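These notes are about the structure you will find just below.
Worth saying up front: this structure is predicted, and the values here are computed from it rather than measured.
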There are 2 protein chains.
Amino acid sequence: MSHMTSAPDVSNAAKAPLEGLRIIDLTQVVVGPYATQFLADFGAEVIKIEHPTGDLARWIGGKSTTPGMAAKYLHLNRNKKSIALDLKKPGAAEALKKLIVTADVVIHNMRPSAAARLGLSAQDLLELKPDLIYCSVVGFGQGGRYKDKPAYDSIIQGASGLAAINNGGDGEPRFVPMVIADRTVGIMVANTILMGVVQRLRHGGPQIIEVPMFESMTAFVLAEHLFLKTFDPPLGETGDSRLLNPNSRPIRTADGYICVTANTDEQVFAMFDAMGRSDLRTDPRFAEKRARFENIGEMFRIRNEIFASRTTAQWLEILEAADVPAMPLHTLDSVLDDPHLADTRLFQPIDHPTEGKIINLRNPIQFSSYEPSLKWPAPLIGQHSIELLRSVGVSDQDIEAMLESGATVNHC
Amino acid sequence: MSHMTSAPDVSNAAKAPLEGLRIIDLTQVVVGPYATQFLADFGAEVIKIEHPTGDLARWIGGKSTTPGMAAKYLHLNRNKKSIALDLKKPGAAEALKKLIVTADVVIHNMRPSAAARLGLSAQDLLELKPDLIYCSVVGFGQGGRYKDKPAYDSIIQGASGLAAINNGGDGEPRFVPMVIADRTVGIMVANTILMGVVQRLRHGGPQIIEVPMFESMTAFVLAEHLFLKTFDPPLGETGDSRLLNPNSRPIRTADGYICVTANTDEQVFAMFDAMGRSDLRTDPRFAEKRARFENIGEMFRIRNEIFASRTTAQWLEILEAADVPAMPLHTLDSVLDDPHLADTRLFQPIDHPTEGKIINLRNPIQFSSYEPSLKWPAPLIGQHSIELLRSVGVSDQDIEAMLESGATVNHC
């Protein structure tokens with residue numbers, strides 16, 4: 001049963017912000033699971049509906065200690081419950097509907113036509129639960145001609161313009177080497193569910209939400225790079241020339257790479273001094289913000305040349321004394337040894353019931369009344385099947401039949 | 001005055017989800033403004049506090065029709081009000097405090113020591129407004145040794161490991177050519193404010209929230225790439241080899257580039273057939289998921305070679321018939337002509353009072369009871385100074401004095 005009410009309960013301010021919010025999560029792989037993990041970290045009860053063969057991320061995310069527990073899956077599904085349901089087998093669809101009646105939110109990322117075929121359209125579910133928050137993550141807005149196209153991260157990276165500009169080195173387009181469209185839109189999805197919750201607490205439900213990946217990611221990219229074509233007629237070209245300049249990059253030092261930011265006059269002049277080029281302070285190309293913007297490539301080029309002469313540690317010392325923001329470049333391995341991250345305990349060693357000792361990436365956001373914590377690590381397929389089926393009144397006899405037919409499974 | 005109450009108001013379900021939520025926004029440039037624009041799009045009243053010289057993004061975001069209205073700023077500040085306040089001049093700090101008393105949320109991204117010097121620590125503000133949601137976006141968690149370091153997007157990209165892996169072409173680390181750490185964390189910030197709002201509606205305030213950029217972005221990157229070092233002892237190296245493979249990229253065709261995704265057996269086999277290489281279906285390197293993961297580089301290499309033989313349009317036709325997900329690569333310019341985005345009206349021509357006709361990037365997320373809309377375009381510096389000062393009881397005489405001393409300005 002949903003425990004979410006709108007009655008203020010000031011006596012209990014230390015509760016997790018989303019405690020009692022029940023989310024039925026029909027998504028898999030990245031975009032949906034990333035969204036719901038954010039909510040689970042802050043107390044939402046996320047019930048992950050999995051086909052008995054499991055979320056694809058269990059399998060395409062690399063080796064694991066036991067099958068189907070890839071690292072990628074582990075980092076996307078902590079604090080969730082898993083119930084395995086094969087919706088094409090007897091009893092499963094009925095059980096899902098019983099769960100939905102108890103829920104505040106349903107989220108899926110099926111194509112809308114597929115959801116409808118399974119009886120999971122917004123209309124279907126609002127009949128079951130009239131104040132439901134129904135969130136569908138779609139590849140493409142349902143008001144446009146691509147509405148039935150399938151979407152995947154790399155397709156959205158390519159279609160949004162992101163891969164075209166990520167062309168350092170040789171001018172060839174490249175994906176950002178992360179499932180970054182899925183992850184970015186995933187955080188937006190968490191936002192929209194939360195706004196649906198706020199709306200429902202204040203004005204009641206239901207709410208039907210559509211988050212289109214292509215449009216969302218294109219707006220994300222073009223808010224940066226529509227640039228001078230924002231104006232009509234255009235004041236120039238698309239693309240922020242400062243960010244796209246090939247010399248805007250981690251700077252090679254005598255023994256590694258350093259990242260330096262100097263935006264204000266103060267920072268830039270201090271950097272010139274530190275470089276032994278105080279003369280550039282009065283150089284008309286660099287003496288003020290607007291001129292520097294026009295000549296940014298040249299400024300980066302001069303900077304990058306001079307930085308090759310000293311080690312990273314030497315530059316860090318010089319720049320710190322000059323109050324110019326700088327940090328060394330981390331690799332995926334060196335960041336694991338960063339002393340600040342040890343102080344703030346980002347890497348949290350935990351025991352997983354089947355995977356042994358693993359490193360959890362702690363959610364680093366802090367609330368004064370709540371610190372997001374690990375309630376339990378990512379579940380096995382159907383780890384909570386029995387408990388959840390019982391909780392909505394499915395009899396032990398029926399559960400037995402579902403286990404036998406493969407309508408559910410129960411790994412633990 | 002804040003109009004946010006917890007009383008359900010079912011009669012008015014068509015209201016914007018965040019209507020009546022008042023946010024005092026002391027942030028500038030990207031991370032904070034991106035967060036609050038998301039909230040403003042959904043009805044929050046965002047009051048942007050600017051120094052009379054204006055948000056830095058007004059100036060470093062490229063040319064504009066009138067000074068201080070760069071495209072980058074325009075895409076980060078629609079639907080907000082601007083009040084100009086120089087907190088070091090008489091009357092300004094008092095006016096800010098009067099505004100804070102009326103607010104639900106205060107957000108800033110100053111270093112905590114700087115906020116304290118200005119009398120804007122959480123403690124200071126909770127004395128003014130005991131149920132405030134106070135959100136500070138910091139570069140580095142305050143529990144660690146970098147707590148006083150300044151943070152900028154490129155420094156966080158470098159420190160999180162993202163720049164190190166974005167090394168296509170020549171192996172040299174490169175920034176993703178977007179202010180992507182700021183933007184990604186910005187969406188997370190919107191999430192946390194919304195969770196604070198949910199918490200306050202249910203259990204009352206206050207709430208003090210800290211969002212550390214370094215930790216948040218590192219967790220974002222490593223959820224993908226901690227990979228086999230998630231396990232202790234490690235099962236292998238960091239880095240998802242599939243995403244980091246140099247052949248995992250937009251594919252060159254005879255006349256351009258295409259992006260193709262084939263994950264499931266069905267998709268992969270259909271792609272092999274479409275490539276005229278049905279023999280690969282039974283090749284032990286590619287016949288099943290696990291084997292393909294091990295040999296993904298080789299599969300990508302074969303694919304990329306064959307795709308050079310036909311045009312993008314030819315491949316799209318072949319792949320669509322085979323039900324293999326594919327789309328052409330868009331550039332920053334070609335995406336502006338995408339017909340689906342015309343259908344869904346992502347690019348919204350609007351009139352800006354000083355900039356003339358500009359293209360607004362519509363927020364593409366849809367609620368059944370609300371479509372995020374443009375209330376007004378990004379404001380001039382202090383466009384709402386007079387209105388807001390009057391609203392909290394500053395007399396016309398005092399406003400006059402503030403205008404004279406430069407404690408506020410009033411562009412319109």
* Structure fact -> Okay, A:F227 and chain B: the region with an atom under 4.5 Å from a heavy atom over there is both
* **Interface moiety of A:A326 toward chain B, non-hydrogen atoms closer than 4.5 Å** => backbone
* Carboxylate-amine/guanidinium contact B:E172 A:R252, below 4.0 Å -> yes
* **Partner set under side-chain hydrogen bond (donor to acceptor under 3.5 Å, both in side chains) for A:N245, not counting sequence neighbours** => none
* Structure fact -> The interface call for A:L226 against chain B, heavy-atom contacts under 4.5 Å, is side chain
* To do: May I ask you to check whether A:Y152 and B:Q267 show a side-chain donor-acceptor distance below 3.5 Å?
  => yes
* **Pairing residues for A:K149 by the side-chain hydrogen bond (donor to acceptor under 3.5 Å, both in side chains) criterion, not counting sequence neighbours** => none
* Asked: Is it the backbone or the side chain of B:E320 that comes under 4.5 Å from a heavy atom of chain A, or both, or neither?
  -> side chain
* To do: Could you tell me which portion of A:V335 (side chain, backbone, both or neither) has an atom closer than 4.5 angstrom to a non-hydrogen atom of chain B?
  => side chain
* To do: Against chain B, label A:D153 side chain, backbone, both or neither, depending on which of its atoms sit under 4.5 Å from a heavy atom there.
  => neither
* Checking heavy atoms, do the side chain of A:F220, its backbone, both or neither come under 4.5 Å from chain B? -> both
* To do: Under 4.5 Å heavy-atom distance to chain B, tell me which part of A:F293 shows up: side chain, backbone, both or neither.
  => side chain
* Donor on one side chain, acceptor on other, A:H75 and B:E224, under 3.5 Å -> no
* **Contacting moiety of A:V260, where chain B heavy atoms sit under 4.5 Å** => backbone
* Which region of B:Y257, side chain (C-beta onward) or backbone (N, CA, C, O), has a non-hydrogen atom less than 4.5 Å from a non-hydrogen atom of chain A, or is it both or neither? -> side chain
* To do: Check whether A:I359 gets within reach of chain B through its side chain, its backbone, both or neither, counting any heavy atom under 4.5 Å.
  => both
